[in-house]
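Here is the structure we will look at, set down as structure tokens.
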There are 2 protein chains.
Amino acid sequence: MGARVTMRDVAQAVGMSPMTVSRALRDDRTVNDKTRARVRQVADDLGYVYDSTAQAFRTQKSGFVAVTLPSVNNANFAETFRALTNGLGEAGLQLLLGSTNYRVEREEELVRQLLTRNPEALVLTGGHHTEETRKLVQARDLPVIEMWDLPEDPLGHVVGFSNSDAMAHIVEHLVATGRRKLAFVGASEGADMRGAVRRAGAVAAARAYGLPEVEMIDAGPAPVSMRHGAAVIEAMGRDVAAFDALVCVSDPVAFGCLSSVQRMGLRVPEDLAITGFGHFEVAKVSNPRITTVNVQAEDIGRQVVDLLQGIFDGEIDAPVRFDVGSALVVGETT
Amino acid sequence: MGARVTMRDVAQAVGMSPMTVSRALRDDRTVNDKTRARVRQVADDLGYVYDSTAQAFRTQKSGFVAVTLPSVNNANFAETFRALTNGLGEAGLQLLLGSTNYRVEREEELVRQLLTRNPEALVLTGGHHTEETRKLVQARDLPVIEMWDLPEDPLGHVVGFSNSDAMAHIVEHLVATGRRKLAFVGASEGADMRGAVRRAGAVAAARAYGLPEVEMIDAGPAPVSMRHGAAVIEAMGRDVAAFDALVCVSDPVAFGCLSSVQRMGLRVPEDLAITGFGHFEVAKVSNPRITTVNVQAEDIGRQVVDLLQGIFDGEIDAPVRFDVGSALVVGETT
DNA sequence: CGGTATCATGTTATCGATAACAATTCGGCG
DNA sequence: CGCCGAATTGTTATCGATAACATGATACCG
């Protein structure tokens, strides 16, 4: 339990140089098979544990890919994260995760922290960052991928979809089914840029279709979820019946709204339509099923992995911009 | 964009030794305030970024706390993770997260990987591990915390609650409200030990109350969620009415069951009671609200943080065993 | 004003693995 | 048997920050 076992100790035990041990433990085929076997055996016996820190230091390659997510407590982001973990794990890379709580200032702090770990790539969620974050990132010769958005002025590579286009499809669908007076349910203005873009998308689309101005229903500061949707509608009471449709920033919010609307005896979709965003499980299981947009979170993760692989293999030179798209999923709430 | 900027470069630029730079950038108060200011200024100008890898190597302290979770896509675990991130972040520690996908073999692989990063502590979810995992961990002089369970034979510290006790409370409540024929809805036997313990708890409690044997409804391999609960009940059709209550392994599964049960025209709780586990948002928002057990995921995270702080401060010697408890939350489904 | 405590900075060695280069061993062949 | 190329193993230097120790500068005291 004293000093830790190093390659030197293993080397001494097998009567060879540390270099040979190093080679044997990796799969360098210049070592003799018998030697490798013996080294591995001894390393095991001594309880040797490889020191990635030393490796990272010496080789100047950390084996980390840094990732920021707004929140982990979100099935979509979690799905992307899972895809990233699995894909990069196969390439021997480890994820270094930070969550921004939907705040760019927090993202900046996080990026600063993550960069000190010398990651081999940086994957950011979203396309809105502080100036300082942009500077930090660009000062480094490091592959950067922004995902979940299609920013105008990207930092590097992009794998995402258009939130406002997706919202436009929802509005189009609502118009097609005869709805005119829309309300948008989402977080307060401020931190959550993705939510803001969705709202703006809805507003713009409504204008384009000549609908009356979209009403804003503020469910509180981001992140908003089921209970916020439920609470804000409950607080409104039957006033909500004045609208034809509630356009919600996400499925969980939509489900919360749906629940409150039903509790007060209104029928969905007869009295009021409701739409979500993100194709969360709850949208498919709820009763009625919620009309939503499928954003293919897992696909985003997979595409990012492919992209990174390409970058590490040196096959990619120019910044890539990949639109994974999104698709309207019509449920029973419209 | 050539070689990276190191402390040596900064030192050269200010005309001092690297040691002074090192001291200035940390908050070593032996450096003169003016010197510190100048160093910081120059470091900034040169775009210096601190190298945690080098620090971790030299000091043999990584600044990492390694954490394994069964899944990130679970509001409860995510909540614990958030609490850990926030709490440890304040202490200057970074989380190194791995997800096991509910499999102990995957956990072993993960632990092996995480240990090479020299974490300062290891936080495992659950109390079931492979023999190899136990050996790996115990061979190291490293603080270990198991959370979300109260294992019989812990590896080190424990912060959790009794899943089987919690299940017993649910069964007790069902008995008190006149239910006798129970079915347990959960994942197939196998990977998910936490699920298995809950099931065993339900079975044992039912026996203790002299109820007929609990029927098993297999929702498929772990992890099971809303759609699995919904699917398995839909597949059963009206046979489900033969039971008095569906005891579900989690709230999402319970919600899935609830939804399918309602779709086929049965009334909850009149025709059938349903219970969940975990006090997820959906339990409070669904219609009717689901009777569940509050497991205080955030509290677990906070307690783990406190415990780690105590350990790092050297205030804790003997292994700690902390039961955060759990509480029945009666909803409208029973 | 000499001497000592305090403050501020510098020097040297080091953490563990590995790239780059050097040396040795071995088998095969004329 | 001697020589050559391929297969193995060894040596040395190094990544960047910092602990431990050493030194130089300054203040303060009787």
Side-chain angles (χ1 to χ4, degrees), chain A residues 2-40 42-43 46-64 92 113 115-120 140-141, chain B residues 2-40 42-43 46-64 92 113 115-120 140-141:
Chain A
R4 67 180 295 159
V5 181
T6 74
M7 281 192 183
R8 181 179 281 102
D9 301 319
V10 177
Q12 205 145 39
V14 289
M16 308 204 116
S17 78
M19 195 63 232
T20 304
V21 174
S22 171
R23 285 196 266 248
L25 293 180
R26 289 174 288 161
D27 268 323
D28 196 322
R29 56 234 144 57
T30 73
V31 284
N32 187 291
D33 286 347
K34 255 166 50 192
T35 310
R36 187 204 322 289
R38 202 148 53 89
V39 167
R40 294 229 163 134
V42 172
L46 294 183
Y48 170 75
V49 179
Y50 187 83
D51 187 338
S52 293
T53 305
Q55 180 198 41
F57 178 55
R58 165 68 235 228
T59 62
Q60 297 292 62
K61 299 183 71 183
S62 61
F64 284 130
Q113 221 182 77
L115 286 182
T116 71
R117 296 286 180 180
N118 235 328
E120 303 187 26
R140 278 228 355 190
D141 192 14
Chain B
R4 68 179 295 157
V5 182
T6 74
M7 280 192 184
R8 180 178 283 103
D9 301 320
V10 177
Q12 206 144 37
V14 287
M16 307 206 117
S17 78
M19 195 63 233
T20 303
V21 174
S22 171
R23 285 195 266 247
L25 293 181
R26 288 175 287 161
D27 267 323
D28 196 321
R29 56 232 146 63
T30 73
V31 284
N32 186 291
D33 285 347
K34 257 167 44 193
T35 312
R36 188 205 321 290
R38 201 148 53 90
V39 168
R40 293 232 164 129
V42 172
L46 294 182
Y48 171 76
V49 178
Y50 187 82
D51 186 339
S52 292
T53 305
Q55 179 198 41
F57 178 55
R58 165 66 234 226
T59 62
Q60 297 290 64
K61 298 184 72 182
S62 61
F64 283 131
Q113 223 181 76
L115 286 182
T116 72
R117 296 287 181 180
N118 235 329
E120 303 188 26
R140 273 201 41 164
D141 194 14

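Below, chains carry the letters A, B, ... as their sequence lines are ordered, and counting in each starts from 1. Computed from a predicted structure; not experimentally measured.
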Practice item. Check side chain to side chain contact (heavy atoms under 4.5 Å, CB included) between A:R36 and all other residues, then give those that pass, not counting sequence neighbours. Key: A:A24, A:D27, A:V31, A:D33, A:R40

What are the atom names and distances for every N/O pair under 3.5 Å that joins the protein to nucleotides 14-16 of chain D?
residue : atom : partner : partner atom : Å
D:dT14  : O2   : A:R58   : NH1          : 2.8
D:dC15  : O3'  : A:Q60   : NE2          : 2.9
D:dG16  : OP1  : A:Q60   : NE2          : 3.1

**Study point:** Residue list, side chain to side chain donor-acceptor pair (under 3.5 Å) with A:R38, at least two apart or on another chain
**Key:** none

**Study point:** Summary of protein contacts for nucleotides 7-12 of chain D, nucleotide by nucleotide, where a base hit scores B, a sugar-phosphate-only hit scores S (4.0 Å, heavy atoms)
**Key:** -SBBB-

Exercise for review: Would you please confirm or rule out a distance under 4.0 Å between OP1 or OP2 of D:dT18 and any side-chain N or O of B:S22?
Suggested key: yes

Point to revise | Side chain A:R140, main chain B:V49, donor-acceptor under 3.5 Å | key: no

**Study point:** pair B:Q55-A:T116: side-chain heavy atoms closer than 4.5 Å
**Key:** no

Point to revise | Results of side chain to side chain donor-acceptor pair (under 3.5 Å) for B:Y48 - residues two or more places apart only | key: none

Review point. In degrees rounded to 10°, what angle is found between the helical axes fit to the five outermost pairs at each end of the helix from C:dC1-D:dG30 to C:dG30-D:dC1?
Key: 50°

Check your understanding: Is a donor on one side and an acceptor on the other found under 3.5 Å between the side chain of A:R4 and the backbone of A:D51?
Key -> no

Review point. Which residues satisfy the side chain to side chain contact (heavy atoms under 4.5 Å, CB included) test with B:T35, sequence neighbours excluded?
Key: B:M16, B:T20, B:N32, B:V39

Revision key, fill the gap. On a heavy-atom basis, the closest approach of A:A11 and A:S17 is CB-C, 3.6 Å

**Study point:** Any residue meeting side chain to side chain donor-acceptor pair (under 3.5 Å) with B:R117, in chain and number order, not counting sequence neighbours
**Key:** A:Q94

Review point. Who pairs with A:E120 by side chain to side chain donor-acceptor pair (under 3.5 Å), at least two apart in sequence or on another chain?
Key: none

